[in-house]
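This report refers to the structure that appears directly beneath it.
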There are 2 protein chains.
Amino acid sequence: MTTQSKVNNIFYKEGQKLLVAVDCIVFGFNRGKLKLLIMERKIEPQKGKWSLIGGFVQKDESLDQAAYRILQACTGIHDMHLDQLYAFGEVDRDTGGRVVSVAYYSLINLELFEQELLKEYNAKWINIDDIPELALDHNKMANSALEALQKQASIKPIGFELLPEKFTLPQLQLLYEAIYNRKMDKRNFQKKILKNDLLIKLDEKDKSTSKKGAYLYRFDLDKYSKIKSNEDSFYIKV
Amino acid sequence: MTTQSKVNNIFYKEGQKLLVAVDCIVFGFNRGKLKLLIMERKIEPQKGKWSLIGGFVQKDESLDQAAYRILQACTGIHDMHLDQLYAFGEVDRDTGGRVVSVAYYSLINLELFEQELLKEYNAKWINIDDIPELALDHNKMANSALEALQKQASIKPIGFELLPEKFTLPQLQLLYEAIYNRKMDKRNFQKKILKNDLLIKLDEKDKSTSKKGAYLYRFDLDKYSKIKSNEDSFYIKV
DNA sequence: AATTTTAAACGTATGCTATACACTTTTATG
DNA sequence: CATAAAAGTGTATAGCATACGTTTAAAATT
């Protein structure tokens, strides 16, 4: 046996084609609660069960494109940000056959969300600590995504993707408290957030939650895109 | 058009089967240098070019299993640790056809490495800052893996996977300096490392690199597996 | 007009951690 | 016995995380 043929025998195997899916873990934020978008599963197995938003990758589209296509069709949102989470590839993860699924997660600004799509697709937002049993390994995916979100939130200013363009510091704090599932100190939180110098204080107040009213802020996207390049210029230790 | 059929038209598409590969970014450490394992590509396209270690996922094995099989066949090592890095899924990433590749990275203790396999597979270790042009998108994969390694190294004691069982603090420092590609202060480094209280100082010295000799240490695996569960008990800010 | 109510805004003191920095110890070698 | 080469060790300083309570603004109520 030559070396070459030995190599082939031991580890070189011809490729076998598999189904490749993408599943999207979509987070939203509303009224102080972090939410997850789920919908009724449209295909067997487990048709009709609650599940993440997903679909199959086509031959002529990248993984990113597939995730984008599916998420856009289902939320109506354009230009949303998607991050790849993990490729789930257990042999028996889909009881209907071998499917490798690449999970993506996304943060959605609920203001931009087309509510009518919820009905159209039998979808709904549920509170993050109230997730039902989902199809296949989707609960595992959702949990991983929440962990990833927590990691992200400490090294990147992710708030502006989940909040409206103008938001107050108390709102932002509620978001972080929802993500990390614990109360934070108001003064320390504001110090940490403002230290990064990425928020612009506006001359407007939001009086919807208090008589005094809270100042509105917006993210300084210009400054952010400048510093994004040089690593760890943003940092929130939570 | 019913709602259901509209759904199908817009975003539900039948699955198309694709080739799924795994590629492994294998790091080693020797003589103060961080190394990457590459081999001659065995298949078209770009047959003969340097590339990462890779192969196709079979129908009856998980992604993890495929990566493990391929890496084990190529290094002879058992029980090595593999982490999934990212799924690379551009349509044209493989010029020979549509292949989605899930990249894994691994840290190898060079002492355990069967050197004869290097010749058998036309493989070699190259210094991390001396990587040639690799096949397909493998350079991109290697770069991502190095970034992931840097992140890992600051939150987990990964040293023991790249070093022999017994090692000296200067050796460990060289490893971190190689990973982060910069010099560190000896005294501060030792303080940070020892503070985690995961190293056991032995009564032996390694005199291979100095007349005085440096004390050998080993990782306290027991203690590590105990604390591993409760998050962020380990922390090296670099 | 004065009082009450509600949430927002704000500052300081303390302890911990990262960092900067230089001399002494050991022992093989000549 | 002198030299050389790397290992080992401590302190002072600045920045950051944390804990903690009072004042301010403005609407609502009397």
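Naming convention: chains lettered A, B, ... in sequence-line order (proteins, then strands); numbering from 1 in each chain. No hydrogens, no waters, no symmetry mates; every other heavy atom, side chains included, goes into these values. Note that the structure is predicted; figures quoted are calculated from it, not measured.
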Sequence-distant partners of [X], side chain to side chain contact (heavy atoms under 4.5 Å, CB included), two or more places apart:
| X | result |
| --- | --- |
| A:Asn127 | A:Lys33, A:Lys35, A:Asp129, A:Asp130 |
| A:Lys166 | A:Leu202, A:Glu204, A:Leu216 |
| A:Lys124 | A:Ile38, A:Trp50, A:Ile126 |
| A:Leu82 | A:Ala67, A:Tyr68, A:Leu71, A:Tyr104, A:Ser106 |

Rounded interatomic separation in angstrom, taking [atom1] from [X] and [atom2] from [N]:
| X | N | atom1 | atom2 | answer |
| --- | --- | --- | --- | --- |
| B:Phe189 | D:dA7 | CZ | P | 13 Å |
| B:Gln190 | C:dA18 | CD | P | 15 Å |
| B:Leu194 | D:dG8 | CG | P | 10 Å |
| B:Ile193 | D:dG8 | CD1 | P | 14 Å |
| B:Tyr180 | C:dT19 | OH | P | 12 Å |
| B:Met184 | C:dA20 | CE | C1' | 15 Å |
| B:Lys192 | D:dT9 | NZ | P | 18 Å |
| A:Leu172 | C:dA7 | CG | P | 19 Å |

Salt bridge (Lys or Arg N to Asp or Glu O under 4.0 Å) for B:Glu165 and B:Arg218? Distances and angles first, verdict last. CA-CA 6 Å; B:Glu165 208 200 342; B:Arg218 61 180 180 80; 5.4 Å; no
Restricting to pairs with a member in residues 150-171 of chain B, which pass ring-ring contact (aromatic ring centres under 6.0 Å, His included), not counting sequence neighbours?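 Listed by first then second residue: B:Phe160-B:Phe219, B:Phe167-B:Phe219.
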Reckon B:Lys195 has a side-chain N or O less than 4.0 Å from the OP1 or OP2 of C:dC16? no
Looking at every strand, decide which applies to B:Thr168 at a 4.0 Å heavy-atom threshold: base, sugar-phosphate, or nothing.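 Touches nothing.
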Nearest to side-chain heavy atoms of [X], which nucleotide of [options]:
| X | options | answer |
| --- | --- | --- |
| A:Asp185 | D:dC20, D:dT18, D:dG8 | D:dC20 |
| B:Asn188 | C:dC21, C:dA8, D:dT18 | C:dC21 |
| B:Lys191 | C:dT19, D:dA17, D:dT9 | C:dT19 |

I'd like to know whether NZ of B:Lys151 has more than 12 heavy-atom contacts from other residues, nucleotides or ligands below 6.0 angstrom.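 Open: at most 12 neighbouring heavy atoms sit under 6.0 Å from NZ of B:Lys151.
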Readout for nucleotides 21-30 of chain D: B = base within 4.0 Å of protein heavy atom, S = sugar-phosphate only, - = neither; 5' to 3' it is B--BBBB---
